[in-house]
Every structure is written in structure tokens, then in C-alpha cells.
Amino acid sequence: TLLQDDGYVIFETGNLAEMAPKYYRWIKSFQYPDHLFFFTIENLKEILARSGFEALKIYRYSILLELWPEKLVMGAQKHLARATDQPADNNKNPATPASYPATPRSKMWAWLKHVYQYFMYLFRYKVGAVIKSQQHPQTLIVVAHKRTR
């Protein structure tokens, strides 16, 4: 109701409903209870249509290449955290808490986090745009238009 008629909504969502079961073991967490349902592209189009939107474009990006390094980095991150007394990320904000003084270690940790995020961006949106396959784990960017009444 906040979006004006003829407005646009753009969102990103996972597309795990169309993923081949052989890739389930690669997914670290399905983030239950936040994600109760998985939708196919056809489901998304139907939900948008019932809500007064028209799906204009759906971009697919394979996240398959992102999953392997993620497992590797998470394991290395836990090891580094023990070795440097820094908190492990584990999907939490790894920024140095305000109670800790900025140290060369925390600066290195922040730099490594930025490098990691940059490579994950490249894997998802650059490489993932090229190797996309409907059976791979994917992320979707959906562009929808709110129809006028």
C-alpha cells in the first residue's frame, strides 16, 4: 500500500525450490524459521500477479561457486579466530566491538572481510551470471511493476 500505482519493486530472493537435490548438502543453512517456503519462478510470478504486480524481469545468478569457498573460508575463519583471539564471523557482524581498541589485527580482519565480500560478489553476480543453470542453487533479482488500478 505504500508503493504508488505504476511504481516498481526490486528484490532479491533465493531460488532453492528448483535446485537439484544433489546440491542440498552444499547449503549451510536454510535459515529456518525465517524462510518457511521456497518458491519457483512460476510461484513468484503468480504471487506478484495476485498482489497487483507484473514481473518485468527476473535475473538468475548461480551461487554454486560461492558455496565451496564459503565453506573453506568459514573453516579458516574459525581457525584464525582461535589463533588471533578475534571473534568468528558465523554470519554475525565481525566488526570489532566498540569495547575493543582498533589494533593491527582488527584492521587486518576488516581488510580480509572486505576482500572476502568482494570475491563473493564476483562469484555471485559476475561468474554466476555466466554459469547459471536452472538446477544450480541460485539467487534471483526480481523487477516488478505495480499495475494501475
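Position 1 is the first residue of the sequence; numbering continues from there.
Evaluation of the side chain to side chain contact (heavy atoms under 4.5 Å, CB included) rule for Tyr8 yields Leu56, His145 as partners, not counting sequence neighbours. Partners of Thr13 under the side chain to side chain donor-acceptor pair (under 3.5 Å) rule, at least two apart in sequence or in another chain, do not exist in this structure. Remark: Tyr125 pairs with Glu12 by the side chain to side chain donor-acceptor pair (under 3.5 Å) rule, at least two apart or across chains.
Between the side chains of Asn43 and Glu46, no donor-acceptor pair is found at a separation under 3.5 Å.
For the pair Val142/Leu48, a side-chain contact is recorded, criterion being any heavy-atom separation below 4.5 Å from C-beta on.
Because its NZ or CZ atom is not both nearer than 6.0 Å to the ring centre of Phe123 and within 45° of the ring axis, Lys126 does not count as a cation-pi partner of that residue.
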Walk me through whether Leu44 and Leu140 qualify under side chain to side chain contact (heavy atoms under 4.5 Å, CB included). CA-CA 10 Å; Leu44 286 171; Leu140 305 173; 3.8 Å; yes

For Ile58 and Lys45, run side chain to side chain contact (heavy atoms under 4.5 Å, CB included): C-alpha distance rounded to whole Å, both residues' side-chain angles, the deciding distance at 0.1 Å, then the answer. CA-CA 10 Å; Ile58 298 178; Lys45 288 179 180 178; 4.0 Å; yes

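Between Arg147 and Glu54 there is no salt bridge, since none of the side-chain N atoms of the basic residue sits less than 4.0 Å from a carboxylate O of the acidic one.
Annotation: the span from Tyr59 atom OH to Ile10 atom CD1 amounts to 8.5 Å, rounded to 0.5 Å. Put simply, OH on Tyr23 and CD1 on Ile63 are 11.5 Å apart, with the number rounded to the nearest 0.5 Å. Between atom NE2 of residue His136 and atom NZ of residue Lys22 there is a gap of 7.0 Å, rounded to the nearest 0.5 Å. One distance of note links CD of Glu18 with CZ of Arg60; it measures 5.5 Å at 0.5 Å rounding. One finds the CD atom of Gln138 at 6.0 Å from the CD1 atom of Ile41 (value rounded to the nearest 0.5 Å). Taking OG1 of Thr139 as the start and OH of Tyr61 as the end, the distance is 9.0 Å to the nearest 0.5 Å.
With Lys146 contributing its side chain and Leu3 its backbone, the two residues share a donor-acceptor pair below 3.5 Å. A donor-acceptor contact shorter than 3.5 Å links the side chain of Ser62 to the backbone of Leu64.
For Tyr118, the OH atom sits in a loose shell: 12 or fewer heavy atoms of surrounding residues, nucleotides or ligands are nearer than 6.0 Å. Within 6.0 Å of the CD atom in Gln4, the count of heavy atoms belonging to other residues, nucleotides or ligands does not exceed 12.
Pairing each heavy atom of Asn15 with each of Thr40, the nearest pair is OD1-CA, 4.1 Å.
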